[in-house]
Amino acid sequence: MTTTPSIAWIGLGAIGAPMARTAAEAGFTVTAFDLSPDARQALADVTMPAETALAAAQGADVVVIMVATPEQLDSVLFGDGGIAPALTARTTLLIMSTVGPTAIDDTVRALEDVTGHIVDAPVSGGAARAAQGDLLVMVGGAQTDVETIRPVLDALASHAPVVGTRPGDGQRFKIVNQLLCGVHIAAAGEALALADSMGLDLKQVHEVLGTGAAASFMFGDRGQRMVDGDFDDVRSALTIFVKDMGLVSEAAAEVSQEVPLAASAEQVYQRGSELGWDRRDDSIVYKVLRGETD
């Protein structure tokens with residue numbers, strides 16, 4: 001393995017694209033693929049666009065996967081044109097998507113005769129922090145494998161703790177993270193919806209309560225978006241929490257742990273999805289809780 005490993009980057013979405021750019025600007029050779037030709041072209045100034053995921057992965061030291069769902073992960077690896085044939089015993093697979101521990105466990109089993117070098121490293125922080133190399137990355141994997149991709153992690157994250165030695169441990173940490181985030185966003189929406197129903201000035205409510213014990217990152221960040229009401233300025237799409245709260249419920253069921261607050265929040269996101277708001281900003285849960293439908 002070279003000091004600066006070559007990277008194949010699969011997935012150039014809202015967070016994947018700035019992450020890939022950050023890696024390339026840090027000096028890594030990055031070959032990038034996304035199903036969207038526009039997404040590939042947007043990074044052509046710093047990466048080498050590939051026509052297929054398989055072509056991107058061919059010969060790469062590290063393959064980074066940054067897709068949205070467990071189904072997409074499976075498709076990237078094993079679907080039509082999947083990258084599994086390009087992987088070797090020397091390849092390190094770095095899965096940075098939030099897909100839940102079950103998907104990682106399934107991937108490890110499916111690739112056990114191909115490569116044992118799999119690191120599970122879901123991210124938190126959003127697109128702006130991704131562009132600055134300022135993400136939180138929760139890393140699960142064997143020490144030697146983590147050491148191999150540590151230079152990549154250091155380029156992408158301000159904090160990348162190893163949270164377990166098994167691929168999947170990163171996902172378990174991210175599940176807890178998403179439970180907190182999902183509940184906090186829903187709580188911010190519920191609080192501001194109540195304030196609005198009582199005739200209070202939302203801007204003042206947000207300003208005053210944001211300085212006291214009720215303050216949280218999500219109340220400050222998403223609460224501001226709720227006050228502004230610009231739900232089409234999508235910084236984090238509702239569909240992400242529809243998916244992630246489902247992963248929380250699935251993980252909790254597997255260990256027989258009650259998560260009543262998460263379950264209630266999940267219903268709010270699902271109601272927004274049923275209204276056709278998947279691709280709008282997740283702060284739109286405020287409108288859901290106000291009973292608005294358009």
Evaluation steps, side chain to side chain contact (heavy atoms under 4.5 Å, CB included), between R279 and T239: CA-CA 6 Å; R279 297 298 176 183; T239 189; 3.8 Å; yes
Go through E207 and K203 one step at a time and tell me if the salt bridge (charged side-chain N to carboxylate O under 4.0 Å, His left out) criterion holds. CA-CA 6 Å; E207 179 181 342; K203 183 177 180 180; over 6 Å; no
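Side-chain contact check for T92 and D145: no donor-acceptor pair (N or O, by modelled atom type) lies under 3.5 Å. Under the 3.5 Å distance criterion, with hydrogens and angles disregarded, a donor-acceptor pair is assigned to the side chains of Q143 and E147. Residues Q72 and S97 have side chains that never bring a donor and an acceptor to within less than 3.5 angstrom of each other. Inspection of the S283 and D281 side chains reveals an N or O donor paired with an N or O acceptor under 3.5 Å. For the 3.5 Å distance criterion, the side chains of S197 and R290 qualify, holding a donor opposite an acceptor.
With rounding to the nearest 0.5 angstrom, the CD1 atom of I149 is 10.5 Å from the OG1 atom of T144. With values rounded to the nearest 0.5 angstrom, R40 atom CZ is found 14.5 Å from M48 atom CE. Distance check, rounded to the nearest 0.5 Å: CZ of R90 to OG1 of T148 gives 11.0 Å. T107 OG1 to I65 CD1: the interatomic distance, rounded to the nearest 0.5 Å, is 7.5 Å.
F231 approaches R225 most closely through the heavy-atom pair CE2-O, 4.0 Å.
Below 30°, between 30° and 60°, or above 60°: for F241 and Y269 the angle between ring planes is below 30°, a parallel geometry.
Ion pair R172/D105 flagged as a salt bridge, since at least one NZ, NE, NH1 or NH2 atom sits closer than 4.0 Å to an Asp/Glu carboxylate oxygen. Ion pair D232/R280 flagged as a salt bridge, since at least one NZ, NE, NH1 or NH2 atom sits closer than 4.0 Å to an Asp/Glu carboxylate oxygen. Residues R150 and D154 are paired through a salt bridge, judged by an N-O separation under 4.0 Å between the basic side chain and the carboxylate.
Of the options Q178, Q171, K174, K243, a side chain to side chain donor-acceptor pair (under 3.5 Å) to T98 is made by K174 and by none of the others.
Under a hydrophobic-cluster definition in which Ile, Leu, Val, Met, Phe, Trp and Tyr are linked whenever side-chain heavy atoms come within less than 4.5 Å, directly or via other members, V63 and M96 are assigned to different clusters.
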